[in-house]
Amino acid sequence: MVLVGDVGGTKTILALYEKSNAGWNRIKKTLYASADFESVIGLLKSFLSDADIVVDSVCMGVAGPIVDGDCVATNLPWVLKRKDIGAAVNSSNVWLLNDLEATAWGLLSLPEADFVELNPNAVPAQIGNIAVVAAGTGLGEAIMMWDGKSHHIIATEGGHADFAPTDQQQIGLLSHLMQKYEGHVSYERLLSGNGLVNIYNYLKKIQFAPIQASTEQQMLNNDPAAVIGGAGVEGSDKLCVEALNLFCKIYGAESGNLALKCLPKTGVYLAGGIAAKILPAIKNGEFMKGFFNKGRSKSLLETIPVKACVNQDVALLGTLNFIENQNI
């Protein structure tokens, strides 16, 4: 029996799988609000409290950098240590992966039906590097390097790199956010749930369009990013529509930045919780405008496949794929 997990700042998903001749069978899967637990150990105890099982191996993808096999989560007050997790489940086979590393492992195992192509001029995928960009509670990035025989997954913290505005509107947005974040504005401050709210608030500040009282009320009672995203996709609020368009344009620009750094012939893959939820907006053209807006290097990007992953379990499946590839 293996225990796998996708640990994020907003939610954590844990699952138990058992191997059979036909493949992996899922025994149990539970979604938790991460903030309801003081530590991952408390969450594990809750998950396993009603299960009389023996855990052979554990693999968890975590939103944060992995240092010497352990992790201090970026958007969650948790410190995850393999030794503590192993003691909690009575197993010595424990791996922690960066969440984008786990996502990349998952992408390698998904069928083509789980992707939506965004670049109409894409050349059929060649064997080569792959870039992964995932906006959710935070912004994750990874590179899958092709060595001629297989892909090697490189986890990064590229989402914390400096935001680079590309027009006057974005320059104003950067200036606004520099006051809020004391001078350093990363792409994550825009390409995340909180980032979408930041964009909306800036547009509201400069009076881009009239404020809708119904939207503001919904934001008080629900996840503000979800409200903005929903109204933007529906086209029911001009401020939300523009916030979503600007989000997509910046998302495309940063995806193009990563593509220039690793030349991913096989493609750029969008994962994370946001892309699938706002797919109509991602497909409306602003994302690809941002992606292609690279001056002399535009032609280099025009034929690269750009695909949105619509399978929300990709990171969880990636941890399972990782375990299957270990020699234990």
Side-chain angles (χ1 to χ4, degrees), residues 2-7 15 17 19-24 26 56-71 82 92-119 122-134 140-159 255-272 275 300-301 303-328:
V2 300
L3 189 159
V4 294
D6 178 14
V7 181
Y17 283 86
K19 191 70 176 288
S20 71
N21 292 334
W24 289 102
R26 191 172 71 201
D56 299 307
S57 302
V58 180
C59 184
M60 305 175 77
V62 188
I66 307 300
V67 179
D68 296 329
D70 300 327
C71 180
R82 290 174 300 162
S92 59
N93 299 316
V94 178
W95 295 274
L96 296 179
L97 309 179
N98 173 266
D99 58 336
L100 260 290
E101 186 179 1
T103 296
W105 276 101
L107 291 171
L108 290 174
S109 68
L110 294 182
E112 196 60 33
D114 284 342
F115 301 98
V116 175
E117 177 62 67
L118 302 175
N119 183 6
V123 172
Q126 306 173 47
I127 297 297
N129 296 340
I130 298 173
V132 187
V133 189
E141 300 183 359
I143 295 169
M144 301 162 70
M145 184 193 73
W146 178 253
D147 69 356
K149 295 181 180 179
S150 62
H151 283 104
H152 297 268
I153 299 168
I154 304 170
T156 83
E157 290 298 319
S255 298
N257 288 340
L258 185 58
L260 288 176
K261 292 171 183 175
C262 65
L263 299 180
K265 292 181 180 180
T266 300
V268 175
Y269 289 80
L270 306 185
L300 193 61
L301 301 185
T303 59
I304 291 178
V306 182
K307 301 181 180 184
C309 176
V310 295
N311 188 322
Q312 295 293 284
D313 283 339
V314 59
L316 193 70
L317 295 173
T319 57
L320 189 63
N321 192 24
F322 178 89
I323 287 179
E324 192 164 28
N325 280 271
Q326 305 309 302
N327 295 318
I328 54 175

Could you state the interatomic distance from CG (D99) to CG (L316), rounded to the nearest 0.5 Å? 12.5 Å
As an exercise, state the distance from CD1 of I323 to CH2 of W95, rounded to the nearest 0.5 Å. 6.0 Å
Nearest heavy-atom approach of C262 to N129 is O-ND2, 2.9 Å
Exercise: identify the closest heavy-atom pair between V94 and R82: O-CD, 3.6 Å
Sequence neighbours excluded, the answer for side-chain hydrogen bond (donor to acceptor under 3.5 Å, both in side chains) partners of N321 is N325
Does I304 reach the side chain of P264, with side-chain heavy atoms less than 4.5 Å apart? yes
Indicate yes or no for a side-chain donor-acceptor contact from E324 to the backbone of L320 under 3.5 Å, with no hydrogens or angles considered. no
With the side chain counted from C-beta on, respond yes when W146 and K265 share a heavy-atom pair under 4.5 Å apart, and no when they do not. no
Can you tell me how far the CD atom of E101 sits from the CD1 atom of I66, to the nearest 0.5 Å? 7.5 Å
Check against side chain to side chain contact (heavy atoms under 4.5 Å, CB included), C59 and V2: CA-CA 8 Å; C59 184; V2 300; over 6 Å; no
Nearest atoms (heavy-atom pairs only) where A155 meets N98: CB-CB, 3.7 Å
Exercise: identify the closest heavy-atom pair between A315 and A102: O-CB, 3.7 Å
Please tabulate, for the side chains in residues 104-117, all donor-acceptor contacts under 3.5 angstrom to protein atoms that are two or more places apart in sequence or on a different chain.
{"from": "S109", "atom 1": "OG", "to": "G106", "atom 2": "O", "distance (Å)": "2.8"}
{"from": "E112", "atom 1": "OE2", "to": "K307", "atom 2": "NZ", "distance (Å)": "2.7"}
{"from": "D114", "atom 1": "OD2", "to": "N311", "atom 2": "ND2", "distance (Å)": "3.2"}
{"from": "E117", "atom 1": "OE2", "to": "N119", "atom 2": "N", "distance (Å)": "2.9"}
{"from": "E117", "atom 1": "OE2", "to": "V306", "atom 2": "N", "distance (Å)": "2.9"}

Is it true that a side-chain atom of T266 and a backbone atom of Q126 form a donor plus acceptor pair closer than 3.5 Å? yes
Is D147 atom CG crowded by more than 12 heavy atoms from other residues, nucleotides or ligands, each under 6.0 Å away? yes
CG of L100 to CD1 of I143, rounded to nearest 0.5 Å, is 10.5 Å
Closest contact, heavy atoms only, M144 versus I153: CG-CG1, 4.2 Å
What is the minimum heavy-atom distance between L258 and A142, and which atoms define it? CD2-O, 3.9 Å
Measure the spacing between CZ of R26 and CG of D313 and express it to the nearest 0.5 Å. 6.5 Å
